[in-house]
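Structure, as structure tokens:
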Amino acid sequence: MDMRSWREAVIASPAKQALPILSFPAIQEMGITVRELIGSAERQADAMRHIARAFPTAASVSFMDLSVEAEAFGSRIVVSDEEVPTVVGALIDEDTDLGEVAVPEVGAGRTGLYLEAIRRVAPEIDDRPVLAGMIGPFSLAGRLMDVNEVMVLCYEEPDLVHSVLERATAFLTEYARAFKEAGADGLVVAEPLAGLLPPDLLGEFSTPYVRRIVDAVQDDGFLVVYHNCGPSVVKAAEAVVGTGAQAFHFGNAVDMADILPLMPSDALVMGNVDPAGELRNGTPESVRERTLAVLGACAGHPNFVISSGCDIPPLTPYDNIRAFFAAVDEFYGR
């Protein structure tokens, strides 16, 4: 797909389709668990097919499973039936000999399953872009080193953090290329942990590494969406734009009306109905009200696309998801 033309058409359209990070809730209609979903390429492809049939999304989005890449490096993960997997413990600390930390091959662990899911589904979903998903470099480094420890190590052991980032970025660049080769039209790079950094550290420990991934894969046929759901992105807007992505996705820790004017007018800017507080735990009425409020505050920017603030949790009620899409239709008079 010509993603430059697609992006320009979305910006030019007066009535836009929503683009939430919506994939895991498909398990409810499929009658399977998260554990079963993440262990099968075919089930992942089925879930993307299901969401594409059920909801008028602007793009089909793969899974925001931020344990996959750390697991490929050797991290231990915890898997459950109802929640997205999490990484536990630290694989790397100050005493680690980084010479013994190998950069995995693309396909290691479950990365091969996620690639195969895109390979299977990309030719079938041809009425909208198919966007793969992967973690960002600083967020991966945080999972390898422990998300709390890495914040301290940015001050106390910056060279160690940069060395881990080099390894993380080397792997993620090849993983991104593999998604492109598998047929994806774009990639959502999730860098939430960087959103907790002050602007100067975000610019040092995240932006240049994300930029290397973007420069390696983004072109007229492949769009990179930079996702950051942390609270620091407004103050760090220059560093965020410096990633070079052509689309940006922000969480509900910030007001979209504050971040929108700071982003390039020719880039898509998406967000940010609370996925847990509203979509998962709200009511159809509260979801409608919040969705209309975000649209009312932001739709005056032609490059704004309504979305969830982050990945929509697996057990989010379908009635709430339908209320979100109905509110978008209501706002645009469809």
Side-chain angles (χ1 to χ4, degrees), residues 6-29 47-62 64 125-131 186 188 223 225 227 229 247-261 263 265-334:
W6 176 82
R7 174 171 50 89
E8 291 172 349
V10 171
I11 293 172
S13 175
K16 305 184 194 305
Q17 300 287 357
L19 211 172
I21 308 297
L22 172 60
S23 51
F24 276 106
I27 64 168
Q28 299 174 59
E29 296 294 306
M48 293 180 69
R49 294 183 193 106
H50 170 83
I51 295 296
R53 289 192 299 265
F55 300 107
T57 56
S60 175
V61 181
S62 182
M64 195 176 282
I125 300 177
D126 57 4
D127 62 340
R128 68 198 82 179
V130 172
L131 305 179
V188 179
L223 176 77
V225 181
H227 165 78
C229 54
F248 299 91
H249 190 279
F250 298 111
N252 47 282
V254 300
D255 191 325
M256 286 301 299
D258 292 336
I259 194 70
L260 264 164
M263 294 294 107
S265 61
D266 62 346
L268 298 179
V269 183
M270 297 176 272
N272 75 353
V273 176
D274 185 346
E278 276 299 341
L279 291 165
R280 171 66 177 90
N281 295 313
T283 65
E285 292 74 21
S286 68
V287 169
R288 172 185 175 273
E289 290 175 5
R290 183 57 192 157
T291 304
L292 291 174
V294 175
L295 281 163
C298 300
H301 295 266
N303 60 332
F304 171 72
V305 176
I306 187 72
S307 180
S308 52
C310 196
D311 192 28
I312 297 177
L315 297 186
T316 297
Y318 262 57
D319 283 349
N320 287 0
I321 299 172
R322 294 187 186 99
F324 168 79
F325 283 98
V328 177
D329 285 344
E330 177 185 345
F331 183 86
Y332 287 117
R334 283 192 290 261

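For the single chain, residues carry numbers from 1 onward in sequence order.
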CA sep, side-chain torsions, deciding dist, call: R7, L223, side chain to side chain contact (heavy atoms under 4.5 Å, CB included): CA-CA 9 Å; R7 174 171 50 89; L223 176 77; 4.1 Å; yes
Looking at every non-hydrogen atom in both residues, tell me the closest pair between [X] and [Y] and how far apart they are.
X	Y	answer
Q28	P314	NE2-O, 2.9 Å
A267	N303	O-ND2, 2.8 Å
L279	S308	CD1-CB, 3.8 Å
M48	V130	CE-CG1, 3.9 Å
A247	M270	CB-CE, 4.0 Å
P20	S307	CA-OG, 3.3 Å

Derivation of the side chain to side chain contact (heavy atoms under 4.5 Å, CB included) call for V61 and L22: CA-CA 7 Å; V61 181; L22 172 60; over 6 Å; no
Gap between atom CD1 of I321 and atom CD1 of I51 - 0.5 Å precision: 6.5 Å
Distance in Å, C310 SG paired with F250 CZ, rounded so as to fall on 0.5 Å steps: 13.0 Å
Working for side chain to side chain contact (heavy atoms under 4.5 Å, CB included), residues N252 and V273: CA-CA 6 Å; N252 47 282; V273 176; over 6 Å; no
Backbone N/O of [Y] and side chain of [X]: donor-acceptor pair under 3.5 Å:
X	Y	result
N320	G282	yes
K16	I306	no
T316	P313	yes

Residue pairs passing the side-chain hydrogen bond (donor to acceptor under 3.5 Å, both in side chains) test where at least one lies in residues 324-334, sequence neighbours excluded: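 Residue pairs with at least one partner in residues 324-334: R288-E330, D329-R334.
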Any residue meeting side-chain contact (heavy atoms from CB on, under 4.5 Å) with S23, in chain and number order, not counting sequence neighbours: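 For S23, the residues satisfying side-chain contact (heavy atoms from CB on, under 4.5 Å) (neighbours in sequence not counted) are F63, D311.
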Residues forming a side-chain contact (heavy atoms from CB on, under 4.5 Å) with P56, sequence neighbours excluded: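 Partners of P56 by the side-chain contact (heavy atoms from CB on, under 4.5 Å) criterion, ordered by chain and then number, come out as Q17, F325.
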Test log, rule side chain to side chain contact (heavy atoms under 4.5 Å, CB included), inputs L295 and F304: CA-CA 9 Å; L295 281 163; F304 171 72; 4.1 Å; yes
